[in-house]
Amino acid sequence: MSVVNITLPDGSSRQYPAGVKGIEIAQSISEGLARNALSIEVNACLPDRQGEIWDLSRPINTDAAIKIFTWNDKGGKYAFWHSSAHLFAEALEALYPGVKFGIGPPIENGFYYDVDLGDRPFGDEELAAVEKKMVELAKANSTFVRRDVSKKEAIDYFTKKGDEYKLELIDGLADGSITFYQQGNFVDLCRGPHIPSTGPIKAIKLLSVAGAYWRGDEKNKMLKRIYGITFPKQKELDEYLHMLEEAKKRDHRKLGKELELFAFSEKVGMGLPLWLPKGTILRERLEQFMRRAQIRAGYDPVVTPHIGSKQLYVTSGHYEKYGKDSFQPIHTPDESEEFLLKPMNCPHHCEIYKVKPRSYKDLPIRLAEFGTVYRYEQSGELHGLTRVRGFTQDDAHIFCRPDQVKDEFIKVIDLVLFTFKSLGFEDYTAQVSLRDPENKTKYIGEDALWERAEREIQEAADERGLKTIAVFGEAAFYGPKLDFMVKDALGRSWQLGTIQVDYQLPQRFELEYIGSDNQKHTPVMIHRAPFGSMERFVAVLIEHCAGNFPLWLAPEQIAVLPISERFNEYGQQVLDTLKNSDIRGFLDDRNEKIGRKIRDAEVNKVPFMLLVGEKEVAEGKVAVRKHGQGDQGVMDLKEFVERFSREFALPA
RNA sequence: GCCGAAGUAGCUCAGGGGUAGAGCAACGGUUUCGUAAACCGUAGGUCGUGAGUUCAAAUCUCAUCUUCGGCUCCA
């Protein structure tokens, strides 16, 4: 009998009979591991090579490096949730005979399955019924059985079943690579892997029903996508649901209302935020921070109008690409005149570049503007402050020589990283957004320039030691980008900072400079916005700090709280003194007890409370209380300001 | 734009064919208070909007607007 060498993650090797199963290896290591094992990674031998994740019941016939996955591994969770998707499908089919299935993958938190229920309604009640059925079927502890099938057999099976979606999927698969999985009465086209049986799926929650286009194409039929999550233990499900509830408390839309930062009005129009006084202070502090950083980095502030003639966007190519789906042109008494609300600032900045001849010695020229732009986003896309129809970019365009691109790009990376660090954003993803190689017609410009730009971005990122991931199809139509993605409270990813290399617009606007050779050359343009937009950045910032802004950003930094109305006058003096030091605050002179005033200030997340009563008036001091931390002791007002002066100032 | 859900007082929510409710906030008064909610009182709503069914609609139907969860999109 032949044997295979199995290498374990610690580097040690063991010999097993050929055909050994993952579960048997787990048993041979420890009983506990076998009990918790969910899937196995095979041929994970090299650090840079990802193995395949297999079922524990699949025989291993060659030498292999393996790692056994449990609930603590992503690979284990994915197998668990993938199997849960099949369990869901089994339950759904039992209750809705004839249902057709699209795809049902595991996702970061749980799984979904796209299904076609025909005209049958499916809402919360139906979700609950299917959930109940899933619990019942899980208890049956059906084994997941893997089976290789020929393409013909696969086609026959799903033709008979009448599931055109699965047939379409099979159509794209090579004969010999097709497998079915069965548990109970349910058979699915599936590559696997799965957990051994349905039994370990103890805690089940179907979360929501949504629409999703078949194969992600809006021309296709819309299927119902059912989201769910499962856990090995009820306690873990309870904790997850509790975590979701907690995350909702950080939602910027909720906090924006509670803390009176921004609002929307149906009369003004959807997606058009109204910045309230407190939100405006926050936003202006961020602008001050960025303006200062940019001045130090050699940018020149400019201001341009909110509209521009249609011709400007015809030249840039934006009109052709987005004209139909934008706010439509503004007309004047002169019928031949058309203006557009500006959807971006670059064309205006190009025209600033063109006001006079430029020399190679002038470059780089960095034009910065907090430019408010308007884009007609689809109604279903609007989302609090993260996706709006009118917003302000912390925009700038760097015009430089080709030999300066990489250097300038690196400087922008530094500015973005400085910005993120100053605001405590440590958990971001740097994404290199490239063209969709399948669909190059969506983009303008020559391949050679695209490749050059893509190379420059990657090199700049590498030079700064930035870990990046490449994503195809995410480039702008005129050039590739380096995007900084940050997650919101509920784990949804948003693009904040962005840096883009553009060889196209300078050509279209016929920008030029005179080189040292006394010849005309075309400059390169770098588009960049470290925040992305003030709206989206503020939204993500709110969720990051749960509304507990750092002192320098807090709209109200201190609350002066007199113990009783008798001390209001002294409180006012304290407040006036602070205002002379540019500290923002208010006096709570309501006829309320001190406990109440403290509570309200705490609830409103005011960083500092200064209590003043008989003792403080007599000594000319204040009793300092810090938000979330309680009493800090009595001190001189000057001492208080000095002690926290660094936190009051813009980060440097 | 598409699929699904929801809209009742400033906020959070109850009610569900027969006179529109609570807590907090607001306003008036009492109290003058030492580190997370004092007490009493007053006022506040065409139940998102528009049609329809009905003797009667917040409640049932339809349409529409907005919001929420996704999809698609994101210069």
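Here is the naming used below: chain letters follow the sequence lines, and residue numbers restart at 1 for every chain. Here the structure is a predicted model, which means the values were calculated and not measured.
Among the atoms of the strands shown, base atoms are found under 4.0 Å from some heavy atom of A/Lys593. As judged by a 4.0 angstrom heavy-atom cut-off over every strand, A/Leu611 is placed among the base-contacting residues. Looking at heavy-atom distances under 4.0 Å, A/Gly317 makes no contact with the nucleic acid at all. Using a 4.0 Å heavy-atom criterion, one finds that A/Arg225 contacts the sugar-phosphate atoms exclusively. A/Ala601 comes within contact range of no nucleotide atom at all, as no heavy-atom separation falls under 4.0 Å. A/Lys481 comes within 4.0 angstrom of the backbone, heavy atoms only, and of no base. At a threshold of 4.0 angstrom between heavy atoms, the contacts of A/Lys615 include nucleobase atoms, whether or not backbone atoms are also involved. Using a 4.0 Å heavy-atom distance criterion, A/Gly613 is classed as a base contact. At the heavy-atom level, A/Glu614 lies under 4.0 Å from base atoms of the strands shown.
With A/Phe399 as the aromatic partner, A/Arg366 does not meet the cation-pi criteria of under 6.0 angstrom to the ring centre and within 45 degrees of the ring axis.
Out of B/C73, B/A75, B/C74, the shortest distance to the side chain of A/Gln378 is found at B/C73. Side-chain proximity of A/Ile598 to the nucleotides B/A36, B/C71, B/A75 is greatest for B/A36. Minimum atom distance to the side chain of A/Lys224 is reached by B/G4, of the listed B/A75, B/G4, B/A36. Nearest to the side-chain atoms of A/Tyr213 among the listed nucleotides B/U35, B/G1, B/C74 stands B/G1.
Contact of the A/Val624 side chain with the A/Leu610 side chain is registered, since non-hydrogen atoms from C-beta on lie closer than 4.5 Å. Considering only heavy atoms from C-beta on, A/Arg387 comes within 4.5 Å of A/Arg536 through its side chain. Side-chain contact between A/Arg389 and A/Phe327 is present, with at least one heavy-atom pair separated by less than 4.5 Å. In this structure the side chain of A/Pro347 reaches within 4.5 angstrom of the side chain of A/Tyr313, judged on heavy atoms. For the pair A/Lys100 and A/Lys166, the minimum side-chain heavy-atom distance is 4.5 Å or more.
Taking the six-membered ring for Trp, A/Phe101 and A/Tyr165 have ring centres at least 6.0 Å apart. Ring pair A/Phe425/A/Phe484: centre-to-centre distance not below 6.0 Å. The six-membered or imidazole ring of A/Phe477 lies away from that of A/Tyr443, with a centre-to-centre distance of 6.0 Å or more. Aromatic rings of A/Tyr353 and A/Phe509 (six-membered ring for Trp) have centroids beyond the 6.0 Å cut-off, not under it. For A/Tyr374 and A/Phe391, the ring centers are positioned 6.0 Å apart or more.
Proximity of A/Tyr322 to the phosphate of B/A75: a side-chain N or O atom is located under 4.0 Å from OP1 or OP2. Applying the 4.0 Å criterion to OP1 and OP2 of B/U35, one finds that A/Lys626 has every side-chain N and O outside that range. The phosphate of B/C33 (OP1 or OP2) has a side-chain N or O of A/Arg566 nearer than 4.0 angstrom.
Toward the 5′ end of RNA chain B lies the nearest nucleotide of A/Lys257, the other residue of the pair A/Lys257 and A/Val624 mapping further downstream. Position along RNA chain B of the nearest nucleotide to A/Asp325 versus A/His627 favours A/His627 as the more 5'-ward residue.
The distance between atom CZ of A/Phe122 and atom P of B/G70, rounded to the nearest whole Å, is 18 Å. Between the NZ atom of A/Lys248 and the P atom of B/U12 there is a distance of 14 Å, rounded to whole Å. Between the CG atom of A/Asp589 and the C1' atom of B/U32 there is a distance of 14 Å, given to the nearest Å. The separation between A/Asn568 atom CG and B/G34 atom P is 15 Å, rounded to whole Å. Distance A/Lys324 NZ to B/C73 P: 15 Å, rounded to the nearest Å. Atom NZ of A/Lys267 is separated from atom P of B/U49 by 12 Å (rounded to the nearest Å).
A gap of 32 Å separates the P atoms of B/A36 and B/U42, to the nearest Å. For B/U19 and B/C47, the C1' atoms lie 15 Å apart once the distance is rounded to whole Å. Rounded to a whole angstrom, the distance from the P atom of B/A37 to that of B/U30 is 24 Å. Here, B/C2 and B/A56 have their C1' atoms 39 Å apart, quoted to the whole Å. For the C1' atoms, the distance from B/A63 to B/U53 is 15 Å, rounded to whole Å. Spacing of P atoms, B/A22 relative to B/C62, comes out at 33 Å, to the nearest Å. On the C1' atoms, B/G44 is 14 Å away from B/C11, given to the nearest whole Å. To the nearest whole angstrom, the two P atoms, one in B/U59 and one in B/A51, are 13 Å apart.
Using a 30° and 60° split on the angle between ring planes, A/Trp81 and A/Phe231 fall in the perpendicular class, above 60°. Using a 30° and 60° split on the angle between ring planes, A/Phe537 and A/Phe531 fall in the tilted class, from 30° to 60°.
A donor N or O paired with an acceptor N or O is found under 3.5 Å between the base of B/G34 and the side-chain atoms of A/Glu616. In this model, a side-chain donor or acceptor of A/Arg387 finds a partner on the base of B/C73 within 3.5 Å.
Across all their heavy atoms, A/Cys400 and A/Ile526 have their closest contact at SG-CD1, 4.5 Å.
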- prompt: Just the dot-bracket of RNA chain B, please: which string comes out with Watson-Crick or G-U pairs under 3.5 Å, [ ] for crossing, | for another strand?
  reply: (((((((..((((....[..)))).(((((.......))))).....(((((..]....))))))))))))....
Restricting both atoms to N or O, compile the protein contacts to nucleotides 22-30 of chain B shorter than 3.5 Å, with distance only.
from: B/A25; atom 1: OP1; to: A/Arg596; atom 2: NH1; distance (Å): 3.3
from: B/A25; atom 1: OP1; to: A/Arg596; atom 2: NH2; distance (Å): 2.1
from: B/U30; atom 1: O4; to: A/Asn591; atom 2: ND2; distance (Å): 3.2

statement: Reading nucleotides 60-69 of chain B from 5' to 3' and marking B where a protein heavy atom lies under 4.0 Å of the base, S where only the sugar-phosphate is that close, and - otherwise, the string is -----SSSSB
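At a threshold of 4.0 Å, the pair A/Lys249-A/Glu246 counts as salt-bridged, since one of the basic side-chain nitrogens sits closer than that to a carboxylate oxygen.
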